[in-house]
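A short write-up of the structure that comes next.
Reminder, nothing fancy here: chain letters follow the sequence lines and each chain counts from 1. When reading the values below, keep in mind they use all heavy atoms of this one structure, side chains included, and skip hydrogens, waters and symmetry mates. Note that this is a predicted model, so its numbers are computed, not measured.
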Number of protein chains: 2
Amino acid sequence: MTTEQAPSSTTAQPPPSGISRRRLLGSAGAAGAAGLVAGGAAGAYASEAAREAPAPLSSLGATAVPFHGRRQAGITTPLQAHGHLLAFDLAPGANRKAAAALLRRWSRTAKELMAGEAPPDDTGIALDAGPSSLTVTFGFGRTFFGKAGVGDQLPEALAPLPDFVSDALDPKRSNGDLWIQIAANDALVAFHALRALQRDAADTARPRWQMNGFNRSPGATARPMTTRNLMGQIDGTNNPKPSDDDFERRIFVPERVEPAWMAGGSYAVVRRVRMLLDSWDHLSPERQEKVVGRRKSDGAPLSGGTESTPVQLDKVDENGALAIAGAAHVRVAAPASNQGAAMLRRPFSYHDGFRDDGAPDAGLLFIAWQADPMKGFVPVQRKLDLGDDLSRFLRHEASALFAVPPGCAPGEYVGQALLEG
Amino acid sequence: MTTEQAPSSTTAQPPPSGISRRRLLGSAGAAGAAGLVAGGAAGAYASEAAREAPAPLSSLGATAVPFHGRRQAGITTPLQAHGHLLAFDLAPGANRKAAAALLRRWSRTAKELMAGEAPPDDTGIALDAGPSSLTVTFGFGRTFFGKAGVGDQLPEALAPLPDFVSDALDPKRSNGDLWIQIAANDALVAFHALRALQRDAADTARPRWQMNGFNRSPGATARPMTTRNLMGQIDGTNNPKPSDDDFERRIFVPERVEPAWMAGGSYAVVRRVRMLLDSWDHLSPERQEKVVGRRKSDGAPLSGGTESTPVQLDKVDENGALAIAGAAHVRVAAPASNQGAAMLRRPFSYHDGFRDDGAPDAGLLFIAWQADPMKGFVPVQRKLDLGDDLSRFLRHEASALFAVPPGCAPGEYVGQALLEG
Ligand code: HEM
Ligand code: HEM
């Protein structure tokens, strides 16, 4: 890794909104200018349209996230409004060389699209649009290594996740040799990337499963920090923060940990968690808040304060009862209840209509990032599995674990140290 | 109908972007202020959050579309980024009175949500968010009338659509007694509305089918007028324009036409049209442009000019060949080729992952609005069915036709003239 990259959460800052495209193009060096220039390259069309009817290209469209860097994008990048999760299996006979060529193709396409450029023979679906904070993130599943002839590089951390009591997993929508997380603030930009990356897979890898998710649109709310999920809760409050002292070593694999090609990478646990929304919505708001341990309205912990006030797990009310109940989700999941186990949750909501039984097929595409799943997702989910009030309203329907290598420098591709190491 | 409503396309104008929530709240009377005040009423939370960390609530969130008016919203309203189509069947035994009570509940909920207010016992999913251009549009299917005891009010225009050669319709996802179109520029605002309206249905109506769609996010592109579809084409260019002399009588039912309760309403044809994207993407861009008759890049007709230049169907090139091919989609579909038949196309794209055969389950939720389907969708689709080059890349998988009554005045509900007439 030779390039330094500031955390994406700062590099992805959009230019101040309401500034016209023309003005931005004339203000090189501003935070968003790089993004915008890249955005403008999406095709001659954008400029042509602008000439016909000059219109503001807003920060939503103009913002670009850099592809190259120490980390892959899409881990600490601010949540985007649209997400696609794709898993692939290597085609029979695809060897290390074929896999390396695929990762090279994928990296090139990701780089171009994230800069707002169109690859050759483009479908045109994203023409006119800026990069819209597109990120593309690549990962390897446990089954990849043997098939691709790099079995000696299989990380211990990719050991299969243990079974959980409440699992009701669909194997067809679980696991996979390769994983791509696509996210953007425009649905057509995200779909465009999905089609381009699928085409790149060609004969080397075949789609295994795919899931679509969403988050709030930028600008829909005055609350910029955290999103809501489909249970109506503010979600993400007590995530580790990039400013925390131990953020790096909790979320990203330290240098000294084997295998070497994963240094600076992260492990992604992906769980499709259906919400039993009909039962949930029948609870009173007060009951709902007890189940989680935070107020629904503003996310403040039931131990008092505002959303950002630290949770006081030992606080008791005037009757001597715990302010945050014994089985409340935030208590059972907290690092303090799990020997410090922590992960960065960066989910998307999903909603695929209704099921045959009439219930909504909706919930959370839960994605947890950590340096080591055994010190992140696994112990916490074990604990939740046994005694979390929220679990009664959840069904884990699919599961996967991926090794997400570090980012790459210009001229390199993601996974190169594994595939050519 | 006692209220006058300017076309939604003008009432839904957002306030200039980049203006902070605070400033807008202090500028009552501005175009967006009503929307914003309503948005602020979504809960005390938004204001609380603003106090903690004042942040701009952008025009995306702040924009409100009025519920009351001559027309229902969601027909001439600018396309939103997220859409849900829901069909319901009346529960056995639900009579006219029950249906009237349902439409009254639905209208009240739609009105509140479109103003950014939360109904009682709210799920909280849209808390903090402004109305985000939410629209809710209600329609009646042919099968509604007999069941609800208003068979004498069945419009002739609701006669079943004829079979088309290329139909491959799934009856379970077609038709329905009642229809709701929900659309908003925020996914959680749209989902919130869906849950609230489904709850209102209670024991009176049961979900029949549901489809989710999307369009480009506002601000993703500098091209403000038209969206792109998943074939990469600019879509919507030659739609009838509200400024056209004959717009009203083509799209909305004139006073003198029976039944009286539909005066000012419109008929919505809904078709789920899957795109054979793998075959389509194999065509060269030049072939793709010939199939449609317009350039992909900028939407200009192959007869010359820019996107807004009128199509010249009789133009021949230097070799004497038609500039716009004989079977080009825009030729076959044009009013000039169909005795003036015209409709307002206001679609959403959809993408539900991939099918068992590996092909993308993606395409267009085609929605066409017209005063009379026999002078709009039906003759045009008949013609397309026989000789449209584009049809080879399309599969019509579901179909429905709904009578969408006019809007209602304050104190009234949508469909009141039918159900209490
Ligand atoms: C659909 C499933 C889930 C929902 C709706 C949900 C919801 C929430 C909510 C509302 C909070 C409080 C706000 C916050 O700090 O973000 C929270 C906190 C948390 N959740 Fe979940 N959660 C789900 C699944 C999980 C799973 C599967 C895990 C890990 C195995 C997990 C781990 C955590 C952790 C570590 C916290 C922070 C606790 C703290 O330190 O205060 N959650 N979750
Ligand atoms: C997935 C299906 C379809 C796609 C991708 C599609 C695409 C397009 C495109 C790209 C245009 C040119 C730009 C414009 O004027 O909007 C167009 C025009 C048009 N389409 Fe379609 N279309 C589809 C289905 C239909 C259907 C089912 C109908 C009606 C039965 C229809 C009726 C029309 C009409 C009336 C025009 C305008 C023609 C003119 O006056 O120039 N389309 N369509």
Please look at B:Ala362 and chain A and tell me whether the side chain, the backbone, both or neither of the residue comes under 4.5 angstrom of a heavy atom of that chain. side chain
Heavy-atom distances under 4.5 Å only: say whether B:Pro207 touches chain A with side chain, backbone, both or neither. both
Most chain A-contacting option - heavy-atom pairs closer than 4.5 Å, from B:Arg195, B:His192, B:Met211, B:His84: B:Arg195
Where on B:His82 is there a heavy atom nearer than 4.5 Å to chain A: the side chain, the backbone, both, or neither? side chain
Measuring heavy-atom distances to chain A, does B:Trp209 have an atom under 4.5 Å in its side chain, in its backbone, in both, or in neither? backbone
Surrounding CG of A:Asp121 (heavy atoms of other residues, nucleotides or ligands, distance under 6.0 Å), is the total greater than 12? no
Would the number of heavy atoms belonging to other residues, nucleotides or ligands and lying under 6.0 Å from CG of A:Asp356 be above 12? no
As an exercise: rank B:Asp281, B:Leu188, B:Leu194 by heavy-atom pairs under 4.5 Å with chain A and give me the winner. B:Leu188
Greatest number of non-hydrogen atom pairs under 4.5 angstrom with chain B, of A:Ser217, A:Gly124, A:Ser284, falls to A:Ser217
Paired with B:Thr221, the side chain to side chain contact (heavy atoms under 4.5 Å, CB included) test is passed by just one of A:Leu60, A:Val189, A:Asp128, namely A:Asp128
Given a strict heavy-atom distance threshold of 4.5 Å, which part of A:Thr123 is in contact with chain B: side chain, backbone, both, or neither? both
Passes side-chain contact (heavy atoms from CB on, under 4.5 Å), B:Leu127 versus A:Arg228? Steps please. CA-CA 8 Å; B:Leu127 277 175; A:Arg228 280 186 196 270; 3.3 Å; yes
Where does B:Phe191 contact chain A at under 4.5 Å (heavy atoms): side chain, backbone, both or neither? side chain
Who among B:Asn229, B:Asn185, B:Leu277, B:Asn215 has the most heavy-atom pairs with chain A under 4.5 Å? B:Leu277
Shortest non-hydrogen pair, A:Gln210 vs B:Gly353, comes out as NE2-CA, 3.3 Å
Spatial distance of atom CZ (A:Arg206) from atom CZ (B:Phe354) [nearest 0.5 Å]: 12.5 Å
Could you look at B:Asp352 and say if it's the side chain, the backbone, both or neither that has a heavy atom under 4.5 Å from chain A? backbone
